Amino acid sequence: MLMAHPAVLQDLIAQYEALVLLGAEDSTPQARQRLADVSYTLCVATGTRDVDMALIAARHRLSGARPEDDSLLQASGNRPEDDSLLQASGA
């Protein structure tokens, strides 16, 4: 999957937050359309289908998380490297 540049993600998050803060969802048709466009672009840029998940994914990528860190995807909350550390320590 192609990954959006961090600057693009930062800009999309900022636009989305500004539109929500200004009440775009209850505003003019143009403001609602802009919010829908930014939401869609965030979803495409993060490979998600829901704007809330897109925001989580974008923020996760911007937080300096390692590319191989899939902690958001793990149901148990443990990363594979954590399991190997536990096994090595005898825990």
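Because only heavy atoms are used, hydrogens play no part in the values below, and waters and symmetry mates are left out as well, while side chains stay in. It should be emphasised that the depicted structure is a prediction, and the values quoted were computed from it without experimental measurement. Residue indices begin at 1 and follow the sequence shown.
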Within-4.5 Å side-chain heavy-atom neighbours: Arg61 and Thr46: yes
When the side chains of residues 3-13 are checked against the rest of the protein, which donor-acceptor pairs come out under 3.5 Å, sequence neighbours left out?
| residue | atom | partner | partner atom | Å |
| --- | --- | --- | --- | --- |
| His5 | ND1 | Ala7 | N | 3.0 |
| Asp11 | OD2 | Gln15 | NE2 | 2.7 |

Gap between atom CZ of Arg34 and atom OH of Tyr16 - 0.5 Å precision: 13.5 Å
Partners meeting salt bridge (charged side-chain N to carboxylate O under 4.0 Å, His left out) with Glu17 (sequence neighbours left out): Arg59
Over all atoms of both residues, closest heavy-atom pair of Arg49 and Cys43: C-SG, 3.9 Å
In one Ile/Leu/Val/Met/Phe/Trp/Tyr side-chain cluster, 4.5 Å: Val20, Leu62: yes
Atom pair OG/CG of Ser39 and Leu55 - distance to nearest 0.5 Å: 7.5 Å
Listed partners of Ser27 passing side-chain contact (heavy atoms from CB on, under 4.5 Å), at least two apart: Ala31
